[in-house]
Asker: 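My questions all concern the structure below.
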Amino acid sequence: MLKQTEGSQAVAEAVALSRPEVVCAYPITPQTHIVEGVGALVKAGTLKNCEFINVESEFAALSVAIGSSAAGARTYTATASQGLLFMAEAVYNAAGLGLPIVMTVGNRAIGAPINIWNDQTDSMALKDSGWIQLHAETNQEAADLHIQAFRLAEMLSCPVMVCMDGFILTHAYERVDIPTQEEVDAFLPPFEPVQVVDPAEPYSIGAMVGPDAFTEVRYLAHHKQLRALDLIPEIAEDFEARFGRKSGGLLHTYRTEGADTIVVALGSVNGTIKDVIDAMRDDGHKIGCVAVCSFRPFPLEALRDALHDALRIVCVEKSLAIGIGGVLASAVRMSLRRLYREVFTVVAGLGGRPITRASLRDVFERAEAEALDDVTFLDLNWEVVNAHLARAREVRKSGPIAENILKAMHGEEGAEIEEAEAGE
Amino acid sequence: MTTDPAKTEPAVGAGAQQTAPQKVRFYQTGTHTVGNRLLDDAQRTVQASMDRSNAITSGHRACQGCGEALGARYALDAAMMATEGQLIAVNATGCLEVFTTPYPETSWQIPWLHSLFGNAPAVATGVAAALRVKGRDNVRVVAQGGDGGTVDIGFGCLSGMFERNDDVLYICYDNEAYMNTGVQRSSATPPAARTATTPALGDEPGNVFGTGKNLPLIAMAHNIPYVATASVADLHDLERKVTKAMGIHGARYIHIMVPCPLGWGAASNDTMKLARLAVQSGIFPLFEAEHGEVKAVQKIRRKVPVADYLKPQKRFAHLFKGEGDVARLAAIQRMADANIKRFGLLDGEDR
């Protein structure tokens, strides 16, 4: 049913339609509205046969989820940012135990400095944990991906993270088609785990595996993700056949035919990128874009096919691998192995900085002119940066960058203190 | 209410029914032990039963004289008996986890799940939630860990599980340090004890005084239905407390003292003796509490000075060097005496 709704609410309803049996909730912006929404559906009796558990931390949220999933219950939780890092140990553990938990990540920056706004540093920090990571471009896709995620997770016995940009998606009201319970039930069969903790068949789960078998266990986890490269498009096709819309899959291409320049990005920023591409196409630029939906497993072959005919690639990334540059760009380069293509990294939208069409068009045109650095920071305020760097050259003092900038900006007093300290 | 099992039911510990043809009063010198054959069937230990489940079967890799292996076996077999075999165990990382499950082997005859060091209570909550949602309320959940996994790294999750009153019995096997990683201090390590991170060096060798936490009391502060301390010194009592706990729904906590020959620097055949001396000196009080109120204590039958308990342990050897560390020995004795007073562990010292 079409309705005008908040992204978080749409996801909550899609999760509820997937009939989770255990949902663990711990608040963290910008994910909180999702678990609130699911909790309300449980409390109102709309979502039946579901244990909604308010826990004391994200680490507990995923730990409870590990227990309930291992005992055979379809399990869901959601988190973001610091919360995802706080549960990091359990994130790896859930994947290692092959538990098909579905978790939403409302993508948000990681502190310090503390920042509640959107970028994708959080999910990037756990990209190699063994979870499948799917990125939603729109709220419709976010809702649909959750329904697909349970099926994928349970087919593979592998947890799935559905990443959606905080605020930009979680808090945005837009039109979303929420399917009916009958449609979802027909698409998503009940959870039937292979192995659970059960007195009827007393297994030991979670033993200590030594050097003799650890590599094999890890290879098989990798193999599971490679299998997902086939399953993700299959599930998306079946979803399209039943629900009548494209959602999910490995990646989406947009106006890439005949494109010399192709932009690659994850998540909601693809909407803005498409607008820029439309405008540039109108002006005769040969440019298109690829939205990568499945970041783990990373679709090396599908992306290689999509990028093959382009001359240059611009990766717009809402995260920064400090000390090297782009996370996405590294993966894109790997997909282009033995092909010579320029790959530029544009780091954009960190900590929620708006990514404007004008700024994107500027970097895309500079890329076309091959006048772009390998790593570019969109709309970086060079005045602030250079002032700080100049001070840092003179005063060799450690300290938090954000606070140091403020101290210097507060004029004479700050300067005097710095001089005094420098003279010590 | 205060009970005195030593006085009223000397042979079998508190709570057992006196159905033997004649009242048995038989002590081995200095122990509570009585041969099972002298008891009525109903009074015998679970371990003495042909139907015991052998939850941890033989062949595991615990050290000789391991108190934790002993405590866990008695606790889980009692829980299995109480639940008619409908039991799932969740285990924190630690000695018990490592010595029972070197892949591809396992000592567990019951469904058993290990996730992480600090999350066993939360994982158990999840298992219990799954059982509830699936209508399998007859299957019960026990979570267990050592003192590090319980009082330190798992403390947040444990408090959360208590606070929600989740249907989990959590058992802490307290050997008073991180033994699995090589005997480092935990917040259950007693004052003056030498560990790898509180070495017996300097002016005040060993662990500092005035630190640490008392988890049974903290558990009681959560107002959960049942909290008990137990010891491998009295396995009858330990089984009884586990059985009682499994008859209650909601969050329950049993804190079992389990000597560690390796970490304590004690002879492996002294495990029971040390556990008994800890109880009889008052340094480890045995009590039961319901909804935050102490309901029963096990009286000290023959009080011993704490020095008797400390001296056989190399971790306290520095207290007995030369003239002896009189001041610090006295301080530990005061701790034992305070326990005796607080819990009314001696006749004439009722609470």
Side-chain angles (χ1 to χ4, degrees), chain A residues 19-24 26 48-75 77 86-87 89-94 96-97 99 101 191 193 195-210 212-214 217, chain B residues 53 55 80 83-91 93 97-136 138-141 143 154 156-164 166 168:
Chain A
R19 298 188 188 275
E21 294 167 297
V22 175
V23 173
C24 320
Y26 190 78
K48 292 182 172 59
N49 205 35
C50 177
E51 292 283 328
F52 184 83
I53 305 174
N54 284 294
V55 292
E56 72 282 358
S57 74
E58 288 90 355
F59 178 63
L62 194 54
S63 297
V64 170
I66 286 168
S68 59
S69 187
R74 181 173 286 167
T75 302
T77 189
F86 195 59
M87 63 164 70
E89 191 189 12
V91 171
Y92 273 78
N93 191 254
L97 292 172
L99 300 173
I101 299 161
F191 177 33
Q195 180 177 296
V196 296
V197 280
D198 187 342
E201 280 186 275
Y203 287 103
S204 295
I205 299 177
M208 169 173 270
V209 176
D212 47 337
F214 196 80
V217 173
Chain B
S53 57
M80 280 290 280
T83 58
E84 296 177 342
Q86 298 302 300
L87 188 74
I88 293 172
V90 174
N91 217 123
T93 306
E97 170 259 330
V98 170
F99 74 63
T100 55
T101 57
Y103 182 85
E105 298 155 10
T106 179
S107 292
W108 298 96
Q109 305 290 302
I110 59 175
W112 179 91
L113 174 63
H114 161 248
S115 172
L116 296 168
F117 197 5
N119 71 355
V123 172
T125 291
V127 174
L131 294 169
R132 196 160 57 244
V133 79
K134 290 182 175 298
R136 301 185 66 188
N138 62 320
V139 182
R140 308 294 301 284
V141 184
C157 285
L158 186 64
S159 179
M161 188 275 279
F162 285 164
E163 164 282 307
R164 290 185 300 269
D166 293 326
V168 173

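Within every chain, numbering begins at 1; the chains are lettered A, B, ... in the order of the sequence lines, protein sequences first and strands thereafter. All heavy atoms count here, side chains included; hydrogens, waters and symmetry mates do not. A quick note: this is a predicted structure, and the numbers were derived from the prediction, not measured.
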Asker: With a 4.5 angstrom heavy-atom cut-off, which part of Ala129(B) approaches chain A: side chain, backbone, both or neither?
Answerer: both
Asker: Counting only heavy atoms closer than 4.5 Å, note whether Ala94(A) contacts chain B via side chain, backbone, both or neither.
Answerer: neither
Asker: Which atoms of Val90(B) come close to chain A, meaning under 4.5 Å heavy atom to heavy atom: side chain ones, backbone ones, both, or neither?
Answerer: neither
Asker: Can you list everything that forms a ring-ring contact (aromatic ring centres under 6.0 Å, His included) with Phe86(A)? Sequence neighbours excluded, please.
Answerer: none
Asker: Please state whether the side chain, the backbone, both or neither of Ala65(A) comes within less than 4.5 Å of a heavy atom of chain B.
Answerer: neither
Asker: What is the distance from atom CD of Glu89(A) to atom CG of Leu116(B), rounded to the nearest 0.5 Å?
Answerer: 4.0 Å
Asker: With rounding to the nearest 0.5 Å, note down the distance linking CG in Asn49(A) to NZ in Lys134(B).
Answerer: 8.0 Å
Asker: When only pairs under 4.5 Å are counted, which of Asp198(A), Val22(A), Leu97(A) shares the most heavy-atom pairs with chain B?
Answerer: Asp198(A)
Asker: Could you look at Leu113(B) and say if it's the side chain, the backbone, both or neither that has a heavy atom under 4.5 Å from chain A?
Answerer: both
Asker: So for Cys50(A), is it side chain, backbone, both, or neither that comes closer than 4.5 Å to the heavy atoms of chain B?
Answerer: backbone
Asker: Judged by atom type as modelled, is there a donor-acceptor pair below 3.5 Å linking the side chain of Asn119(B) to the main-chain atoms of Ser63(A)?
Answerer: no
Asker: Can you tell which part of Ser57(A) gets under 4.5 Å to a heavy atom of chain B, answering side chain, backbone, both or neither?
Answerer: neither
Asker: Indicate yes or no: at least one non-hydrogen side-chain atom of Val55(A) is less than 4.5 angstrom from one of Arg164(B).
Answerer: yes
Asker: Going from CH2 on Trp112(B) to OG on Ser204(A), what distance comes out if it is rounded to the nearest 0.5 angstrom?
Answerer: 6.0 Å
Asker: Any chance OH of Tyr92(A) has more than 12 other-residue heavy atoms, nucleotides or ligands included, within less than 6.0 Å?
Answerer: yes
Asker: Could you check which of Ala90(A), Ala71(A), Ala200(A), Ser69(A) has the highest count of heavy-atom pairs closer than 4.5 Å to chain B?
Answerer: Ala71(A)
Asker: Which distance, rounded to the nearest 0.5 Å, do you find between the CD1 of Ile66(A) and the NE2 of His114(B)?
Answerer: 10.5 Å
Asker: For the atom pair CD1 (Ile205(A)) and OG1 (Thr106(B)), what is the distance rounded to the nearest 0.5 Å?
Answerer: 10.5 Å
Asker: Any side-chain heavy atom of Met161(B) sitting closer than 4.5 Å to one from Glu56(A)?
Answerer: no
Asker: Are side-chain heavy atoms of Pro199(A) and Ile88(B) found at a separation under 4.5 Å?
Answerer: yes
Asker: Holding to side chain to side chain donor-acceptor pair (under 3.5 Å), I want the full list of residues that pass it with Glu105(B), two or more places apart in sequence or in another chain.
Answerer: Arg61(B)
Asker: Are the side chains of Ile53(A) and Thr125(B) in contact, using a 4.5 Å heavy-atom criterion?
Answerer: yes
Asker: Can you tell me which portion of Glu97(B) sits under 4.5 Å from chain A's heavy atoms? Options are side chain, backbone, both or neither.
Answerer: side chain
